[in-house]
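The first residue in the sequence is number 1, and the count goes up from there. What you are looking at is a predicted structure, and each value in this text was computed from that prediction instead of being measured.
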Amino acid sequence: MKDKKRIKGMVSVTVRDEKGNIKCYRRGIFRKMFGLPAKKMSFKHHNTITTQGDGLIANWMLGTPTITKVDGTNGYMVVGTGWTGSSTKANTSVNTKTGDYKKLDSGFPKTKAAFGNEGQNVVLYRASFAAGSLNSNGINEVALMNGNSSAAKCLAYAQITPAVNVTASDTLQIDWQITVCGS
């Protein structure tokens, strides 16, 4: 019998304006012609567990892990503008960092459900970039890290597409789900 173990992830990105409303892109010609509403800046994307992430997960399974976990104390996300589409598995952070590393929100990471229930195998991470912490056009990548320096290890990496523009008065919330499943 062959066991197919997988680790997969999903990243949700939401940009809100100063009033808390989800921001919209400017309507393009096609949307204007057909009277369609502007597209909201709220997306879901698949991610890549990086080569470093594979090592981090294996290390965490040891009786005494030797590498810092992505936890409530050491978990951070960082965004960037340098998505290239090449060698995402090998990424050790974002390609072109913008803004500062953002610590995970209080209460994260956590599992989607209590042990023994459906969702027990899904780990949730969230980072909220408050108004004033970013002012950048073309944010198109994000990394989930075990620290906030160049020495931090990258658990997972994702593309943000289409890219988002975040002004100084906007907030950016990133929700990350990593699911461990065997079949």
Could you tell me which residues satisfy salt bridge (charged side-chain N to carboxylate O under 4.0 Å, His left out) with Asp100, sequence neighbours excluded, listed by chain and number?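 For Asp100 there are no salt bridge (charged side-chain N to carboxylate O under 4.0 Å, His left out) partners, ignoring immediate neighbours.
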Would you check if the side chain of Thr48 reaches a backbone N or O of Thr50 as a donor-acceptor pair within less than 3.5 Å?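 No.
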For the backbone of Pro65 and the side chain of Asn59, can you confirm whether one donor and one acceptor N or O come within less than 3.5 Å of each other?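 Checking the backbone N and O of Pro65 against the side chain of Asn59, no donor-acceptor pair under 3.5 Å is found.
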Path from [X] to [Y] over hydrophobic side-chain contacts below 4.5 Å:
X: Ile160; Y: Leu104; answer: yes
X: Val122; Y: Met10; answer: no
X: Ile22; Y: Val13; answer: no
X: Val11; Y: Leu56; answer: yes
X: Phe129; Y: Val15; answer: yes

Hey, are the side chains of [X] and [Y] touching, using non-hydrogen atoms and a 4.5 Å cut-off?
X: Ile7; Y: Thr179; result: no
X: Val78; Y: Val142; result: no
X: Tyr76; Y: Tyr125; result: no
X: Lys32; Y: Arg27; result: yes
X: Tyr157; Y: Glu141; result: yes
X: Asn47; Y: Thr88; result: no
X: Thr14; Y: Met41; result: no
X: Tyr101; Y: Val79; result: no

What closest approach, in Å, do [X] and [Y] show between heavy atoms, and which atom pair accounts for it?
X: Val94; Y: Gly80; value: CG1-N, 4.0 Å
X: Asn121; Y: Cys181; value: ND2-CB, 4.3 Å
X: Ser133; Y: Ala130; value: OG-O, 2.6 Å
X: Cys24; Y: Lys40; value: SG-CG, 3.8 Å
X: Lys102; Y: Ala127; value: CG-CB, 4.0 Å
X: Lys103; Y: Gly72; value: NZ-O, 2.8 Å

Side-chain donor/acceptor pairs under 3.5 Å, residues 144-151, sequence neighbours excluded:
from   : atom 1 : to     : atom 2 : distance (Å)
Asn146 : OD1    : Lys153 : N      : 2.5
Asn146 : ND2    : Thr68  : O      : 2.9
Ser149 : OG     : Ala151 : N      : 3.2

With rounding to the nearest 0.5 Å, note down the distance linking [atom1] in [X] to [atom2] in [Y].
X: Arg16; Y: Ser128; atom1: CZ; atom2: OG; value: 9.5 Å
X: Ser12; Y: Gln177; atom1: OG; atom2: CD; value: 6.5 Å
X: Arg126; Y: Phe108; atom1: CZ; atom2: CZ; value: 4.0 Å

Those residues that, when tested against Pro162, pass side chain to side chain contact (heavy atoms under 4.5 Å, CB included) (two or more places apart):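 Result, side chain to side chain contact (heavy atoms under 4.5 Å, CB included) vs Pro162: Tyr25, Lys39, Phe43.
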If you measure only the distance, is there a donor-acceptor pair under 3.5 Å linking the side chains of Gln159 and Asn140?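 No.
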From the options Ile178, Val123, Val70, select the one residue that forms a side-chain contact (heavy atoms from CB on, under 4.5 Å) with Pro109.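 With Pro109 as partner, side-chain contact (heavy atoms from CB on, under 4.5 Å) holds for just one option, Val123.
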Determine whether Thr111 and Leu124 satisfy the following criterion, side-chain contact (heavy atoms from CB on, under 4.5 Å), listing intermediate values before the conclusion. CA-CA 6 Å; Thr111 56; Leu124 305 174; over 6 Å; no
By the rule that ILVMFWY residues connect when side-chain heavy atoms come within less than 4.5 angstrom, directly or transitively, which residues belong alongside Met33?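 Besides Met33, the hydrophobic cluster comprises Ile29, Phe30, Phe34, Leu36, listed by chain and residue number.
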Residue pairs fulfilling salt bridge (Lys or Arg N to Asp or Glu O under 4.0 Å) with at least one residue in residues 75-98, sequence neighbours excluded: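 Pairs touching residues 75-98 that pass the test: Asp54-Lys89.
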Compile the donor-acceptor pairs under 3.5 Å between side chains in residues 166-174 and protein atoms, sequence neighbours left out, one pair per line.
from   : atom 1 : to     : atom 2 : distance (Å)
Thr167 : OG1    : Ser169 : N      : 3.4
Thr167 : OG1    : Ser169 : OG     : 3.2
Thr167 : OG1    : Asp170 : OD1    : 3.3
Thr167 : OG1    : Asp170 : OD2    : 2.9
Ser169 : OG     : Glu18  : OE1    : 3.3
Asp170 : OD2    : Lys23  : NZ     : 2.7
Asp170 : OD2    : Thr167 : N      : 2.9
Gln173 : NE2    : Asp175 : OD2    : 2.7

